[in-house]
Amino acid sequence: MKELPKIYDPKEVESKIYDMWMEKGYFHAERDESKKPFSIVMPPPNVTGQLHMGHALDCTLQDILTRYKRMQGYNAMWLPGVDHAGIATQIKVEEELRVKEGLTRYDLGREKFLERVWAWKEMYGSRIVEQQKKMGVSCDWERSRFTMDDVCAKAVREAFVSLYEKGLIYKGSRIINWCPHCLTALSDAEVEYVDKPGHLWHIRYPLSDGSGEIVVATTRPETMLGDTGVAVNPEDDKHKHLIGKTCILPLVGREIPIVGDEYCEIGFGTGAVKMTPAHDPNDFEVGLRHNLEVIRVIADNGTINENGGAYEGLDRYECRKKIVEDLEREGYLVKVEDYSHNVGTCYRCHNDVEPLISAQWFVKMKPLAKDAIRVVEDGTVKYIPERFSKTYLNWMNNVHDWCISRQLWWGHQIPAWYCDDCNHINVSREDPTKCEKCGSTHLTREEDVLDTWFSSALWPFSTLGWPDKTEDLDYFYPTSVLVTGYDIIFFWVSRMIFSGMEHMKKQPFDKVFIHGIVRDSLGRKMSKSLGNGIDPLVIADKYGADALRFNLITGNSPGNDMRFYEEKCEAMRNFCNKIWNASRFVMMNLTVTENKLPEKLELPDKWVLSKLNTLAKEVTDNLDSYELGVAAQKIYDFIWDTFCDWYIELSKPRLQAGDEDVQHVLLYVLTEILKLLHPFMPFITEEIYDALPHNEEALIIAKFPEYTDALSFPTEERDFEMVMESISAIRSRRAEMNVPPSKKAKVIVSTAYPEAFKGTEMYFERLASASEVDIFGADADIGGDGYVVINSAYAKMALPMAELVDLDKERARIEQELKKNRGFLENQERKLANESFVSRAPEAVVQVERDRAEKLRALIKNLEETLAGLK
RNA sequence: GGGAGCUUAGCUCAGCUGGUUAGAGCGCCUGCCUUACAAGCAGGAGGUCACAGGUUCGAGCCCUGUAGCUCCCACCA
């Protein structure tokens, strides 16, 4: 048998164990009809990414589920991968190019630039994989995919073409969100709205006929350069007479119409709204209704374009300043109010997004949303916690068309070719050589690439070989559960659901297990700019990956944010050490070499086995309902309290007496504990299992404990708890009297349950500092002069400690205790006397109350007798 | 403007479909190096479960309302 060191050193153990798992191929899953599949696809981290706490939590949850199912005999397949992360990666490589070589991507050209990105990907793409391995993830690395690899590319092409052919993808000019920094269009989901303080400028627009003026209010005066109308509400008595007239745009001099439209709200601002159809989605709609001209004045890079006249070339915010100055100087500015409003910002670079009109590719969402809504509503796809289905449905019910084209180079290039001669758009599975409409061979490929999330949306089936009809798809799809944070429900989860329904005609997963965000100890989001991020690898290095994992999943509930405390890691490391030392203890006392239960079980054996049996049932139930934290907590409590603090202590006298049966029970219980704990703390449990005599090849593939009637001993459990309670009563009393454990004292027990107490003398000696123990029946007259009498509900215990007895104090103490317990009993009796309680509450509940009352009566009786015995 | 969540011990949080005298970790107090572990052991203090009503035999949990905090969504200039 191996000797374990006194302190558990995770660093040494973890890499060794991980290598062993890899070498044995335990993570790999192949289609096997004799087993039920359990499959998870991992949310692919960005190829630019570093593992952060969110990933650590995410992969820990998935690993726990995967290991649990694997141990239950499922064919557990967890598919990992990496996302090409279009914008994020391109920005990173461009940045490197700029800093190191002073070049832009345009200097290199598309082809050369992409070579650089691929080289970058080769260099850094595996970093996050290595980091995940440190966390102990048991995913099938042989199945690892990249969203830009050939398999995924084929799926993207098929998905795009098929949607296009069905008319569900179209190209059109719409107001889109444009990031002037990233120089690309964004989808609605990629815009983050931030409340920013600003102003509401009231501007005078003179009427063309010189009969007066109309005052408009705006938060973005620079956009007036593109104004092509003013809207007022047709019901607005103050303004409706102006409808049909025109006014002169200050500074620009353009004559623009005043139109009546209900979009303009009476009483807000000045009651008149300037219309900039090229730079505001609402104005665009109004413009369509009233045939307003569309004049774009802001260029892609955020400066004013040639339509801005004198302002051309100015940055949009400089221009704003300048325009306000000019308006004021020329007397057009009526007033300025402070006004805070929502400004859209880019989720990647956080610069203000510019709404502008642009020709882009869109996915028509309404028809696709139908099935995606249905499967969540009818429970085919279940969110855990349930409340997130509301978030999802709310979004899906109000979904707008999805802008999927990006003006980037890094990504899946859109498979569309424009005919130079007839302008026809050719979209096809194979690269076309001539226009399908006019036959021209002059074709130009669309330069734009697809939104990264377009390929992510196909992840659950593209990774399994779709569009080919593969065996993997047949066997592992739909996947069992998707684990991810609530912050990407819109980006990803919803798009996977509609894509799965559209392309596979089946939901991509049965369950969506949502977790929250890991925050710092002050409750702030961890971020680079705040510099408050905690590196999971540093923590894992310091406390062990097992401790980190346990930290992340206990003490919080699904879907809720959590705070990260390093102190808690310390507690979890201590827990590891506790298990380690308990195992050392078992090992150093082991002479038997076989893990099997003995024929003859003593009372404490039955007690601990019965508790273990219950634990297995509860943990299984909790895990099946995704209550991972609760399950972990129960295992923790069992190990620390039940096994270490009680059973190991109880085993000591028997071990000393050379009892082999107790060795077997220790080994058995410890092994079962390791199995229960393994999904949560895979490293330390595997290491210990390997050092123990074991029946299965490795813990990772050992059978997960199950409840069994054969090991259910409710009577013995209750009996032994009487003894434990009595021992506790002695300990408590001794501590109160400040008697050191080294001062042993005889214990005389009088109990109404002599059968339960039979043979328990050694436990009193070991755990209650008894020098010797006499056990008598309930009628025994114990106590008297020179004795301290201790009462439990099941026994009266007398300790000869004359020097400690102060009769007055003793009397007062017992009276105090009597008072308290009589109070409790009174409560109990009142409850039991309540006719409606007894008749309406379930019998089991009533019985619990009766037992409790009975217990109180016994305790009170003991106390009364003791009091009477005090002279 | 909608929607969601939170409010439980000094701190951070559990408490699963209503059923003991409401729990954990950390912190605090007392005593112990008891031959697995001082990263430990034993004992202990500490909570009118935000507030007000209601339903129920029974409410931290369900319903209604109030207050405070947080987040998400939404085209109000």
Side-chain angles (χ1 to χ4, degrees), chain A residues 4 6-8 175 193 200 216-220 223 231 263-265 268-276 280-285 339 341-342 355 385 387-388 390-391 394-395 398 486-487 489-490 516-517 521 523 551 554-557 559-565 567-568 570-589 621-622 625-627 629-630 633 636-637 644-645 648-649 652 656 728 731-736 738-742 766-767 769 820 823-824 827-828 831 834-842 844-846 848-849 851-852 855:
Chain A
L4 295 179
K6 189 165 171 176
I7 299 260
Y8 171 61
I175 296 277
Y193 288 91
L200 196 55
V216 300
T218 180
T219 55
R220 308 192 53 205
T223 60
Y263 159 69
C264 182
E265 197 181 317
F268 185 87
T270 61
V273 195
K274 59 193 265 324
M275 289 292 118
T276 322
D280 184 287
N282 299 308
D283 295 4
F284 184 77
E285 293 300 319
Y339 188 77
H341 62 136
N342 267 346
R387 66 174 186 271
F388 289 104
K390 264 187 224 162
T391 310
N394 184 50
W395 188 83
N398 298 295
Y486 62 73
D487 48 336
I489 290 177
F490 305 143
I517 287 171
S521 61
N551 182 351
T554 50
N556 61 69
S557 45
N560 287 356
D561 289 354
M562 59 177 297
R563 296 188 193 202
F564 190 89
Y565 285 90
E567 296 89 316
K568 199 174 153 199
E570 225 169 283
M572 294 308 150
R573 177 205 54 189
N574 294 353
F575 177 54
C576 290
N577 210 42
K578 187 75 183 173
I579 303 159
W580 188 253
N581 279 295
S583 307
R584 278 180 61 228
F585 173 82
V586 171
M587 274 181 237
M588 64 180 59
N589 283 289
D621 288 348
N622 288 135
S625 44
Y626 295 89
E627 293 155 3
V630 178
Q633 188 63 47
Y636 178 101
D637 290 341
C644 293
D645 291 345
I648 284 187
E649 293 307 320
K652 284 176 179 173
Q656 273 162 7
S728 290
R731 281 173 172 176
S732 176
R733 191 61 196 288
R734 285 179 59 113
E736 230 171 87
N738 277 325
V739 186
S742 53
R766 181 82 205 181
L767 302 179
S769 297
K820 188 177 76 183
F824 289 151
N827 267 339
Q828 282 312 113
K831 201 180 270 187
N834 183 341
E835 181 48 39
S836 46
F837 169 70
V838 178
S839 59
R840 293 191 200 197
V845 172
V846 177
V848 166
E849 300 296 337
D851 291 349
R852 193 172 309 144
K855 202 172 147 181

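Here is how names work: the chains are called A, B, and so on, in the same order as the sequence lines, proteins then strands, and each is numbered from 1.
- Between A/Gln828 and B/U21 there is a side-chain N or O to OP1 or OP2 distance below 4.0 Å.
- Aromatic ring pairs are classed by plane angle as parallel below 30°, tilted from 30° to 60° and perpendicular above 60°; the pair A/Tyr339 and A/Phe268 is perpendicular.
- Mapping A/Gly555 and A/Arg766 onto RNA chain B by nearest heavy atom places A/Gly555 closer to the 5' end of the strand.
- With P as the reference atom, B/C41 and B/C33 are 16 Å apart, rounded to whole Å.
- Rounding to whole angstrom units, NZ of residue A/Lys652 and C1' of B/G40 are separated by 11 Å.
- The distance between atom CD of A/Glu849 and atom P of B/U21, rounded to the nearest whole Å, is 6 Å.
- Across B/C41, B/U20, B/A39, the shortest atom-to-atom separation from the side chain of A/Asn574 is found for B/A39.
- Here the nucleotide nearest the side chain of A/Ile7, chosen from B/A39, B/C32, B/U21, is B/A39.
- Nucleotides B/U48 and B/G23, compared at atom P, are 15 Å apart to the nearest Å.
- Taking atom P on both B/G25 and B/C6, the two are 24 Å apart, rounded to the nearest angstrom.
- Nucleotides B/C73 and B/C11 have their C1' atoms positioned 33 Å apart, rounded to a whole Å.
- Distances shorter than 4.0 Å separate none of the side-chain N or O atoms of A/Lys390 from OP1 or OP2 on B/G3.
- Here the nucleotide nearest the side chain of A/Val845, chosen from B/C16, B/G19, B/C41, is B/G19.
- For the C1' atom pair drawn from B/C49 and B/A9, the interatomic distance equals 11 Å after rounding to whole Å.
- Of the candidate nucleotides B/U34, B/G5, B/G19, B/G19 has the atom nearest to the side chain of A/Pro842.
- A/Ala571 comes within contact range of the sugar-phosphate backbone alone, with a heavy-atom separation under 4.0 Å but no base atom that close.
- Between the side chain of A/Glu736 and the base of B/A42, no donor-acceptor pair of N or O atoms lies under 3.5 Å.
- Counting non-hydrogen atoms under 4.0 angstrom, A/Arg387 reaches the backbone sugars and phosphates but no base.
- If you measure from atom CZ of A/Phe585 to atom P of B/A36, you get 6 Å, rounded to the nearest angstrom.
- Nucleotides B/G43 and B/A59, compared at atom P, are 32 Å apart to the nearest Å.
- B/G40 and B/U35 have their C1' atoms separated by 14 Å, with the value rounded to a whole Å.
- If you check every strand for non-hydrogen atoms under 4.0 Å, A/Asn827 touches nothing.
- Between A/Glu736 and A/Ser732 there is a side-chain heavy-atom pair separated by less than 4.5 Å.
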Once each nucleotide of nucleotides 67-77 of chain B is scored for protein heavy atoms under 4.0 Å, what B/S/- sequence comes out, 5' to 3'? -----SSBBBB
Please walk me through it: do A/Ile489 and A/Trp395 pass side chain to side chain contact (heavy atoms under 4.5 Å, CB included)? CA-CA 9 Å; A/Ile489 290 177; A/Trp395 188 83; over 6 Å; no
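- A donor and an acceptor atom sit less than 3.5 Å apart, one in the side chain of A/Lys578 and one in the base of B/C37.
- In the set B/A39, B/C37, B/U34, the nucleotide with an atom closest to the side chain of A/Asn581 is B/C37.
- Protein atom CD of A/Glu627 is 10 Å distant from nucleotide atom C1' of B/U17, rounded to whole Å.
- At least one cation-pi condition fails for A/Lys855 and A/Phe824: the charged atom is not both under 6.0 angstrom from the six-membered ring centre and inside a 45 degree cone around its axis.
- Looking at RNA chain B, the stems built from 3 or more consecutive Watson-Crick or G-U wobble pairs, each pair with its key distances under 3.5 Å, are B:1-7 with B:67-73, B:10-13 with B:23-26, B:28-32 with B:40-44, B:50-54 with B:62-66.
- In terms of modelled atom types and a separation under 3.5 Å, the side chain of A/Asn622 and the main chain of A/Glu627 share no donor-acceptor contact.
- B/C32 atom C1' lies 15 Å from atom CG of A/Leu767, rounded to whole Å.
- If you check distances only, the side chain of A/Arg731 never reaches the base of B/A42 with a donor-acceptor pair under 3.5 Å.
- At least one donor-acceptor pair closer than 3.5 Å links the side chain of A/Asn398 to the backbone N or O of A/Asn394.
- Heavy-atom nearest nucleotides on RNA chain B were determined for A/Val848 and for A/Ser557, and the one closer to the 5' end corresponds to A/Ser557.
- Atom C1' of B/A45 sits at a distance of 25 Å from the matching atom of B/U7, rounded to the whole Å.
- With sequence neighbours excluded, the residues forming a ring pair (Phe, Tyr, Trp, His ring centres under 6.0 Å) with A/Tyr636 are A/Phe575, A/Trp640, listed by chain and number.
- Remark: side-chain polar atoms of A/Gln828 are paired, donor with acceptor, to backbone N or O of A/Glu849 under 3.5 angstrom.
- You won't find any donor-acceptor pair under 3.5 Å spanning the side chain of A/Arg563 and the base of B/U12, going by distance alone.
- Note: A/Ser839 OG to A/Asn834 CG = 8.0 Å, rounded to the nearest 0.5 Å.
- One atom, CD1 of A/Ile648, and another, P of B/U35, lie 15 Å apart when rounded to the nearest Å.
- A/Asp280 places no side-chain N or O within 3.5 Å of a backbone atom of A/Thr276 that could act as its donor or acceptor partner.
- If you take CG of A/Asn738 and P of B/A42, they are 17 Å apart, rounded to a whole angstrom.
- Between the CG atom of A/Asn551 and the C1' atom of B/C26 there is a distance of 12 Å, given to the nearest Å.
- For A/Asn560, a side-chain nitrogen or oxygen approaches OP1 or OP2 of B/A14 to under 4.0 Å.
- Between the A/Lys568 side chain and the A/Thr554 main chain, a donor and an acceptor come within less than 3.5 Å of each other.
- Between A/Lys274 and A/Arg220 the shortest heavy-atom distance is NZ-O, 4.2 Å.
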